[in-house]
Amino acid sequence: LFSVTGREFSNAQVEILNFMWVVTSYPDPSIWPNLVAALGGTARSTPSMSLVAGISVSEAAIYGRRPERKVLDFFYRLSSAIDQGSSLEAFIEQEIKIRKIVCGYGRPLAKLDERIPYTLEKVEALGLQHGRHFRLALDVYRYLKKTRGLSMNIAAVNTGLIADMGFTPEQYQLFLTPCFISGMIPCY
């Protein structure tokens with residue numbers, strides 16, 4: 001974290017960031033980056049080449065690093081718009097009109113994200129539930145659930161926390177880029 005941001009973080013922040021890695025890095029070979037690493041192992045590629053290939057596909061347009069950058073940008077733009085007098089509802093509707101989606105909400109393959117209840121429990125245990133962007137993430141969820149039946153995915157929860165810590169999108173990507181490796185290794 002220090003090498004990415006040049007800042008030190010509280011024990012609670014470090015613990016939740018570590019938790020994010022743990023709940024993201026599980027060895028399920030159906031997760032696309034893990035599958036790529038597994039295929040590298042099956043083809044007798046080197047561990048390094050297999051893991052780098054797995055990390056490369058974690059840059060997909062619908063999962064992984066690129067959407068998380070978009071979620072972080074969304075939260076920063078949303079909080080700025082609210083500061084300038086916009087309502088949350090108006091901002092979300094404008095976002096959908098322009099971009100057709102709100103990244104972090106809705107899932108292409110499953111309605112529920114099994115990681116969310118555990119993450120919310122951990123956030124509360126660490127006392128991190130009062131951050132502005134974290135609360136906004138939950139408010140956006142409530143609005144989208146009510147108006148469109150959309151669920152929230154882990155990217156919205158995690159990114160709300162990241163925004164409260166002041167990460168830039170680039171810093172967030174640098175921090176999370178290696179997070180899939182722990183799950184890839186057993187699959188390799």
Side-chain angles (χ1 to χ4, degrees), residues 1-9 13-77 99 101-120 122-123 126 128 133-134 137 151-188:
L1 282 174
F2 187 78
S3 67
V4 169
T5 66
R7 295 185 290 130
E8 292 186 20
F9 293 85
Q13 290 171 324
V14 169
E15 193 169 332
I16 197 66
L17 291 166
N18 183 66
F19 184 82
M20 287 178 192
W21 273 40
V22 170
V23 301
T24 302
S25 302
Y26 47 93
D28 179 350
S30 70
I31 297 170
W32 188 243
N34 296 356
L35 177 61
V36 169
L39 290 171
T42 302
R44 296 185 182 162
S45 179
T46 67
S48 296
M49 289 178 68
S50 298
L51 296 175
V52 167
I55 288 174
S56 295
V57 300
S58 74
E59 296 273 332
I62 65 168
Y63 66 86
R65 309 298 68 96
R66 289 197 305 177
E68 287 164 338
R69 287 179 71 120
K70 291 176 186 174
V71 177
L72 186 57
D73 175 68
F74 168 76
F75 286 140
Y76 286 147
R77 288 184 295 109
R99 292 182 171 79
I101 64 167
V102 178
C103 284
Y105 300 88
R107 292 184 82 190
L109 300 176
K111 274 214 177 269
L112 299 175
D113 192 322
E114 68 282 357
R115 299 167 289 186
I116 290 177
Y118 302 104
T119 303
L120 295 178
K122 187 71 167 178
V123 167
L126 294 170
L128 297 172
H133 296 95
F134 179 75
S151 61
M152 178 168 54
N153 64 52
I154 198 67
V157 174
N158 289 350
T159 305
L161 294 163
I162 289 292
D164 287 335
M165 292 181 217
F167 279 62
T168 67
E170 182 92 351
Q171 290 169 336
Y172 189 29
Q173 185 170 11
L174 285 168
F175 170 71
L176 282 178
T177 292
C179 83
F180 280 116
I181 288 179
S182 297
M184 288 181 210
I185 293 168
C187 295
Y188 170 83

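The figures that follow rest on heavy atoms only: side chains count, while hydrogens, waters and symmetry mates do not. Position 1 is the first residue of the sequence; numbering continues from there.
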Mind jotting down which residue pairs meet the salt bridge (charged side-chain N to carboxylate O under 4.0 Å, His left out) criterion with at least one end in residues 161-175? Sequence neighbours excluded, please.
Arg69-Glu170
Quick check for you: to the nearest 0.5 Å, what is the distance between [X] atom [atom1] and [Y] atom [atom2]?
{"X": "Phe167", "Y": "His133", "atom1": "CZ", "atom2": "NE2", "result": "13.5 Å"}
{"X": "Leu72", "Y": "Gln173", "atom1": "CG", "atom2": "CD", "result": "11.0 Å"}
{"X": "Asn158", "Y": "Leu176", "atom1": "CG", "atom2": "CG", "result": "7.5 Å"}
{"X": "Met165", "Y": "Arg7", "atom1": "CE", "atom2": "CZ", "result": "9.0 Å"}
{"X": "Tyr172", "Y": "Thr177", "atom1": "OH", "atom2": "OG1", "result": "11.0 Å"}
{"X": "Leu128", "Y": "Phe19", "atom1": "CG", "atom2": "CZ", "result": "12.0 Å"}

Hey, mind stepping through Leu17 and Met20 against side chain to side chain contact (heavy atoms under 4.5 Å, CB included) and telling me if it holds?
CA-CA 5 Å; Leu17 291 166; Met20 287 178 192; 3.9 Å; yes
Tyr118/Val23 under side chain to side chain contact (heavy atoms under 4.5 Å, CB included): CA gap, chis, key distance, verdict
CA-CA 9 Å; Tyr118 302 104; Val23 301; 5.6 Å; no
Please give me the minimum heavy-atom distance between [X] and [Y], naming the atom from each residue.
{"X": "Thr159", "Y": "Glu68", "result": "CG2-O, 4.0 Å"}
{"X": "Ile55", "Y": "Ile181", "result": "CD1-CD1, 3.4 Å"}
{"X": "Phe75", "Y": "Ala137", "result": "CZ-CB, 3.5 Å"}

Do other residues, nucleotides or ligands put more than 12 heavy atoms under 6.0 Å from the OH atom of Tyr26?
yes
Should we count CD of Glu114 as having more than 12 external heavy atoms under 6.0 Å?
yes
Sidechain-backbone polar pair: Asn34 side chain, Pro27 backbone, donor-acceptor under 3.5 Å
no
Cys103 backbone acceptor or donor facing Asn153 side chain under 3.5 Å:
no
Listed pairs under 3.5 Å, donor-acceptor, residues 35-52 side chains, sequence neighbours left out:
unit_1	atom_1	unit_2	atom_2	d
Thr42	OG1	Ala38	O	3.0
Thr46	OG1	Met49	N	3.1
Ser50	OG	Thr46	O	3.0

Residue list, side-chain hydrogen bond (donor to acceptor under 3.5 Å, both in side chains) with Ser3, at least two apart or on another chain
none
Validation row: Leu120, Phe134 side chains within 4.5 angstrom (heavy atoms):
yes
My understanding is that only one of Leu1, Ile162, Thr5 makes a side chain to side chain contact (heavy atoms under 4.5 Å, CB included) with Gln171; could you say which?
Thr5
